[in-house]
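Take a look at the structure set out below.
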2 protein chains.
Amino acid sequence: MYTISDIAKLLGITAHTLRYYEKEGIIAPIRNPSGERVYDDSNLAWLRFVMRLKQTQMPISQIREYAHLYLEGEHTTQARLNLLEDHRNSVQSQIRNLTATEKVLKDKIAAYKNSITKETGVR
Amino acid sequence: MYTISDIAKLLGITAHTLRYYEKEGIIAPIRNPSGERVYDDSNLAWLRFVMRLKQTQMPISQIREYAHLYLEGEHTTQARLNLLEDHRNSVQSQIRNLTATEKVLKDKIAAYKNSITKETGVR
DNA sequence: ATTTGACTTAGAGTAAACTCTAAGCTGTAT
DNA sequence: ATACAGCTTAGAGTTTACTCTAAGTCAAAT
């Protein structure tokens, strides 16, 4: 069992942000007798996955949608699968885009390094 | 020579956004006698590169910094090179992160496809 | 007993990147 | 000549994702 600040530390975010995610319907941890949030290992695993989705540009609204589908039970399995496959496509397209940009940057950097000794008009 | 809407169409953004980029110091096209913006091929090439930087998560503030360094002339070559190398590192780290997430999604999707026929508790 | 630190809530404030509005000008097409 | 499309400006409004504030509760430490 973890407190909000334990989780914040583990994820590298603030407790404020975790409360915001809860308000946005992304997680619903239980409360202890004095009303404080208590997170278990399954909450932590879910939030780690959420962080992955966020870092790969999935908007909060879509993460919430996925979380809600999970709470609705077994009959939403296909809908969740569709969301995951859509996001996988988005991830693959981001990788292609980044790889192409990496090449452009590599070439530009080489041209710049050249122009430091020679004289070229690189931008 | 291109009008603002030509460029907007070519880049898949709106004329509003192009004016915003100008206000933010990212580009300074010339004006025709009636005060309208006129873009040339070098403007277009620069904006295409800007779009690449944006799509790979470089903030407007950093793109502006790069643009300003270019306008300051030859003595900023090293500074521009540093910016490009920093961004290249960021791009490479994004690729690593996306690749790892792609694997996670691939596995999760496989588990979901399994659970549609069998009975597993995937999230 | 009181201070300290971490927690609670509702709600206000911020930053980034657009996105749009209003009022007006200009060049071509009927 | 007048309509119309597309341009201009300054500035206001929107969306997303936080980020913080204020006022208060609570448990452990001095």
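Lettering of chains follows the sequences in order, A, B, ..., and the numbering in each one begins at 1. Computed from a predicted structure; not experimentally measured.
Picking from D:dT8, C:dC18, C:dC7 the nucleotide with the shortest atom distance to the side chain of B:Lys54 gives C:dC18. Nearest nucleotide to the B:Tyr20 side chain, out of D:dC7, C:dT9, C:dT19: C:dT19. Distances were taken from every side-chain heavy atom of B:Glu36 (C-beta onward) to each of C:dC7, C:dA17, D:dC7; the shortest belongs to D:dC7. Taking every side-chain heavy atom of B:Ser5 into account, D:dC7 is the closest of D:dC7, C:dA17, C:dC7. Taking only side-chain atoms of A:His16, from C-beta outward, the nucleotide of D:dC7, D:dT21, C:dC7 with the closest atom is D:dT21. Counting only heavy atoms from C-beta on, B:Lys23 has its side chain closest to D:dG11 among D:dA27, C:dG27, D:dG11. Listed candidates were D:dA27, C:dT8, C:dG27. Nearest to the side chain of A:Ser34 is D:dA27. The nucleotide whose nearest atom lies closest to any side-chain atom of A:Thr17 is, among C:dT9, D:dC18, C:dT19, D:dC18. For A:Ile60, counting side-chain heavy atoms from C-beta on, the closest listed nucleotide (C:dT9, D:dC18, D:dT8) is D:dC18.
Atom pair A:Met51:CE and D:dC18:C1' shows a separation of 12 Å (rounding to whole Å applied). As a whole-Å value, the separation of B:Arg19 CZ from C:dA22 C1' is 13 Å. Between A:Ile27 atom CD1 and D:dA17 atom C1' there is a gap of 17 Å when expressed in whole angstrom units. Between A:Asn32 atom CG and D:dT25 atom P the separation is 17 Å, expressed in whole Å. Going from atom NZ of A:Lys9 over to atom P of C:dG5 covers 14 Å, rounded to whole Å. As a whole-Å value, the separation of A:Ile13 CD1 from D:dT19 P is 10 Å. Taking atom OH of residue B:Tyr39 and atom C1' of nucleotide D:dT8, one finds them 12 Å apart after rounding to whole Å. Taking atom CD of residue B:Glu22 and atom P of nucleotide D:dT8, one finds them 8 Å apart after rounding to whole Å.
If you find the closest nucleotide of DNA chain C to B:Ser61 and to B:Thr14, the one lying nearer the 5' end belongs to B:Ser61. Where A:Pro59 and B:Gly35 meet DNA chain D, the nucleotide closest to each residue was compared, and B:Gly35 sits on the side nearer the 5' end.
Between A:Thr3 and C:dC7, a side-chain N or O to OP1/OP2 separation shorter than 4.0 Å is present. Under 4.0 angstrom from either OP1 or OP2 of C:dA16 there lies no side-chain N or O belonging to B:Arg64. Residue B:Arg31 places no side-chain N or O under 4.0 Å from the OP1 or OP2 atom of C:dC25. Residue B:Tyr21 places at least one side-chain N or O under 4.0 Å from the OP1 or OP2 atom of C:dC18.
Criterion: ILVMFWY side-chain heavy atoms under 4.5 Å apart, direct or through other members. Under it, B:Leu18 and B:Met51 are part of a common hydrophobic cluster.
The pair B:Glu72-B:Arg80 fails the salt-bridge criterion, with no side-chain N (NZ, NE, NH1 or NH2) lying under 4.0 Å from an Asp/Glu carboxylate O.
The closest side-chain donor-acceptor pair between B:Gln94 and B:Ser90 falls under 3.5 angstrom. With hydrogens and angles left out, the side-chain atoms of B:Asn89 and B:Glu85 include no donor and acceptor closer than 3.5 Å.
Checked against A:Thr101 for a side-chain hydrogen bond (donor to acceptor under 3.5 Å, both in side chains), the options B:Gln55, B:Arg88, B:Arg52 give a single hit: B:Arg52.
Residues B:Tyr39 and B:Leu44 are not in side-chain contact: their nearest non-hydrogen atoms beyond the backbone lie 4.5 Å or more apart.
Residue-level contact check: A:Arg37 touches the backbone only, with heavy atoms under 4.0 Å from sugar-phosphate atoms and none from bases.
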